[in-house]
Amino acid sequence: MSFSPLPKTFTDICLHPDFIFPRILELGCGDGRFRSILAERDIPSWGLDRFGPEVGTVADVVGDALSPPVAQGSLDFLLAANLLRHLVPADPALGFLVVWLELLKTGGSLFIFEDEPGDVPAGVARYGDLQDVLFRLMPQSRGPLLPVADFKARVSKLGTAVDWEFGLVRNRQTIDAEAVLDLLRQPGEPTGQVGRLMRGIERDGLDPGYYWWARACGVSEGARI
Ligand SMILES: C[S@@+](CC[C@H](N)C(=O)[O-])C[C@H]1O[C@@H](n2cnc3c(N)ncnc32)[C@H](O)[C@@H]1O
């Protein structure tokens, strides 16, 4: 899933024509949907994922986003889109954020993008159900969505000496409900939770709802932790 429109704060910084040869890393880059936004503007980036290109990712580095094999103070820009839901079960206190901030150069930015679960129309609720089913099918590799209020509460306990900026955006990205149904389709009549989800998607469609973003700004030498 992707995010559209992107926050102006994000585009102002990383799509600015003066942002020449930046060192941008996307953690959990997957198949590169988010990196393609940068590539469309000829902005070079590199990606890290726990899986390599042999399973369809665009990872330049195979590694764990909880402890990326990257030199401290080396990055202008660090991105994590649709990734927190995978990391929170292993580190509910979000200690990995401290590790990530250490990777940034002075003045660098960390951006996080996540879907916002909530009290929403039917098509959006089905999107939330889809995330729940994915979580139940793969509990070892992903957790439920993290609402921005929970994220803020956890960040405030971390005590990082950086400022955080937050935003909530109505996601205009479209989702191909038919393609999702094809992925969920199993031989025979679908039953149980997957069957209910499929019938719900057929009835209500899929709508990504809102997404939240967070930016750690004001990163300076010695002020990261
Ligand atoms: C939902 S996909 C998001 C892909 C991409 N960021 C996007 O927005 O299109 C999550 C990706 O994070 C990767 N991932 C999950 N846990 C990870 C970890 N601990 N370290 C590195 N990558 C991880 C998964 O392999 C997957 O490719």
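Bear in mind that the values here come from a model prediction, so they are computed numbers and not experimental data. Ligands are counted one by one from 1 in listed order, and the atoms in each one are counted from 1 as well. Computed over heavy atoms, backbone and side chain alike; hydrogens, waters and symmetry mates excluded.
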J.: Answer with yes or no after comparing the ring centroid distance for F111 and F3 against a 6.0 Å cut-off, counting only values under it.
T.: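 That pair fails the under 6.0 Å test.
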J.: State whether the shortest distance between N or O atoms of L83 and N or O atoms of ligand 1 falls below 3.5 angstrom.
T.: no
J.: Any chance you could lay out the salt bridge (charged side-chain N to carboxylate O under 4.0 Å, His left out) test for D163 and R215, step after step, and finish with the verdict?
T.: CA-CA 8 Å; D163 296 324; R215 177 192 172 210; over 6 Å; no
J.: Do any nitrogen or oxygen atoms of L66 come within less than 3.5 Å of a nitrogen or oxygen of ligand 1?
T.: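 Checking ligand 1 against L66, no N or O pair falls under 3.5 Å apart.
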J.: Salt-bridged, D31 to R33, with N to O below 4.0 Å?
T.: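 Looking at R33 together with D31, the answer is yes, because their closest N to O distance falls below 4.0 Å.
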J.: Considering only heavy atoms, does S2 approach ligand 1 within less than 4.0 Å through its side chain, its backbone, both, or neither?
T.: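 For S2, there is no contact with ligand 1 at all, from either part.
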J.: Given L79, N82, D64, identify the one with the heavy atom nearest to atom 18 (C) of ligand 1.
T.: D64
J.: Identify which of H86, R33, Q131, E114 has a heavy atom lying nearest to atom 10 (C) of ligand 1.
T.: H86
J.: Measure up the F151 and W164 rings against each other and bin them: parallel (under 30°), tilted (30 to 60°), perpendicular (over 60°).
T.: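 Perpendicular, since the angle between the ring planes exceeds 60°.
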J.: Parallel, tilted or perpendicular, judged at 30° and 60°: which one describes the rings of F96 and W100?
T.: tilted
J.: Check this for me - ligand 1, A65, N or O atoms closer than 3.5 angstrom, yes or no?
T.: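 So ligand 1 has an N or O lying under 3.5 Å from an N or O of A65.
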J.: What are the atoms of ligand 1, with element, lying closer than 4.0 Å to any heavy atom of E26?
T.: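 Result: 5 (C), 6 (N).
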J.: For F10 and F113, take the angle between the two ring planes, folded into 0 to 90°, and tell me which bin it lands in: parallel under 30, tilted 30 to 60, perpendicular over 60.
T.: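 It falls in the perpendicular class, over 60°.
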J.: Are L97 and L110 close enough that some pair of their side-chain heavy atoms sits under 4.5 Å apart?
T.: yes
J.: Report, in ascending order of atom number, the atoms of ligand 1 lying under 4.0 Å from any heavy atom of F51.
T.: 25 (O)
J.: For ligand 1, is any non-hydrogen atom under 4.0 Å from L87's backbone (N, CA, C, O), its side chain (CB onward), both, or neither?
T.: side chain
J.: In terms of atom number and element, which parts of ligand 1 are under 4.0 angstrom from non-hydrogen atoms of G63?
T.: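 This gives 20 (N), 21 (C) as the contact atoms.
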